[in-house]
Amino acid sequence: MSQSAKSRRKPNLRVKIISMGNSETGKSCIIKRYCEKRFVNKYLATIGIDYGVTKVTLKERDIKVNIFDMAGHPLFYEVRNEFYKDTQGAILVYDVSDRSSFEALDRWMEELNSEIGIKSEVDSIVVCVCANKTDLRRQVDESEGQLWADARGFHFFETSALSGDGVNEMFQALFEGVVKTCENGGKREPIATQLGYTKEQIDAIQRLKNAKNDYERLGLGPGASKDDVNKSYRKLAVLLHPDKSVAPGSEEAFKLLVAARTALLKRC
Ligand code: GTP
Ligand code: MG
């Protein structure tokens with residue numbers, strides 16, 4: 001390369017990536033598949049932490065990627081908690097054939113939040129959720145995983161470390177996201193959901209499903225007037241009408257919305 005072409009290149013980057021998720025979900029195998037292009041069938045539990053380095057070139061920029069592959073077992077918490085700080089990208093892995101590993105994702109985010117401690121720092125981490133072992137019989141549908149990731153502004157990929165499906169695409173998105181965040185002064189770029197629905201719709205569906213009472217379902221305080229109820233109902237009905245919304249769970253949420261409105265109007 002000529003001297004002038006060299007000087008036009010952007011400076012090299014060093015980035016820190018971690019893996020999170022329950023033990024045996026396939027974190028080490030996903031990393032091995034990407035770095036060494038092979039799959040190991042035998043389970044070799046990561047003891048505490050494994051460290052590796054790989055180099056990638058993105059948009060004419062050399063990137064040195066430091067990968068900290070964490071052990072998922074609770075026994076190793078005392079070892080892995082040292083390694084969360086300064087993370088720029090994370091793969092958060094669950095096993096589609098093991099529902100409990102999907103249900104554990106929130107706990108992994110809690111661990112990340114509590115170890116880093118600073119919200120803005122956590123928000124700048126690019127997270128790729130990996131629904132791994134798609135070659136096995138599943139207990140978790142793709143739409144459930146996608147919804148979980150979308151609601152948090154995370155990337156979502158279905159992967160199989162065994163076949164290699166989705167693994168390169170996932171790492172490519174992770175590295176691109178981290179580089180963009182660096183170029184953006186540490187601010188993570190919002191991710192457009194690919195399925196034609198918005199975060200507002202996802203949040204509304206989650207609230208309707210999880211709210212403790214009908215007021216909460218409609219985003220209202222106790223003692224809201226008839227007018228308030230109708231106004232909030234109309235806004236949510238436009239957002240979630242199953243004829244218009246393709247967000248997973250719209251139909252069920254719409255039914256909950258109608259029932260909540262009916263019950264509240266009786267009380268007003
Ligand atoms: P810890 O290090 O204990 O946290 O586990 P881990 O998440 O790193 O899991 P690991 O990569 O060691 O994989 C666990 C087991 O799952 C191994 O027996 C792998 O062969 C198997 N495995 C990993 N990925 C896949 C996959 O995509 N498909 C199938 N069928 N098996 C997989
Ligand atoms: Mg491992």
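Just so you know, ligand 1 is whichever comes first in the structure, and atom 1 is the first atom listed for that ligand. Note that the structure is predicted; figures quoted are calculated from it, not measured.
A heavy-atom separation below 4.0 Å is found between N22 and ligand 1. For the pair F39 and ligand 1, a heavy-atom separation below 4.0 Å is found.
Shortest non-hydrogen contact noted between V40 and C29 is O-SG, 3.6 Å.
Under 4.0 angstrom from ligand 1, there are no non-hydrogen atoms of I30. Heavy atoms from both the backbone and the side chain of A161 come within less than 4.0 Å of ligand 1.
Distance alone, capped at 3.5 Å, is enough to place a donor-acceptor pair between the K27 side chain and the N22 backbone.
T25 and S101 share no side-chain donor-acceptor pair at under 3.5 Å.
Protein atoms of type N, O or S found under 2.8 Å from the Mg ion (ligand 2) total 2.
Applying the salt bridge (Lys or Arg N to Asp or Glu O under 4.0 Å) definition to pairs two or more places apart or across chains, none involves residues 226-242.
Checked against a 3.5 angstrom limit, the closest N/O atoms of G21 and ligand 1 fall outside it.
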TODO: Please step through side-chain contact (heavy atoms from CB on, under 4.5 Å) for the pair K180 and F175, ending with a clear verdict.
DONE: CA-CA 8 Å; K180 269 192 200 148; F175 299 147; over 6 Å; no
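For atom 28 (N) of ligand 1, the choice among T46, D135, T159 with the nearest heavy atom turns out to be D135.
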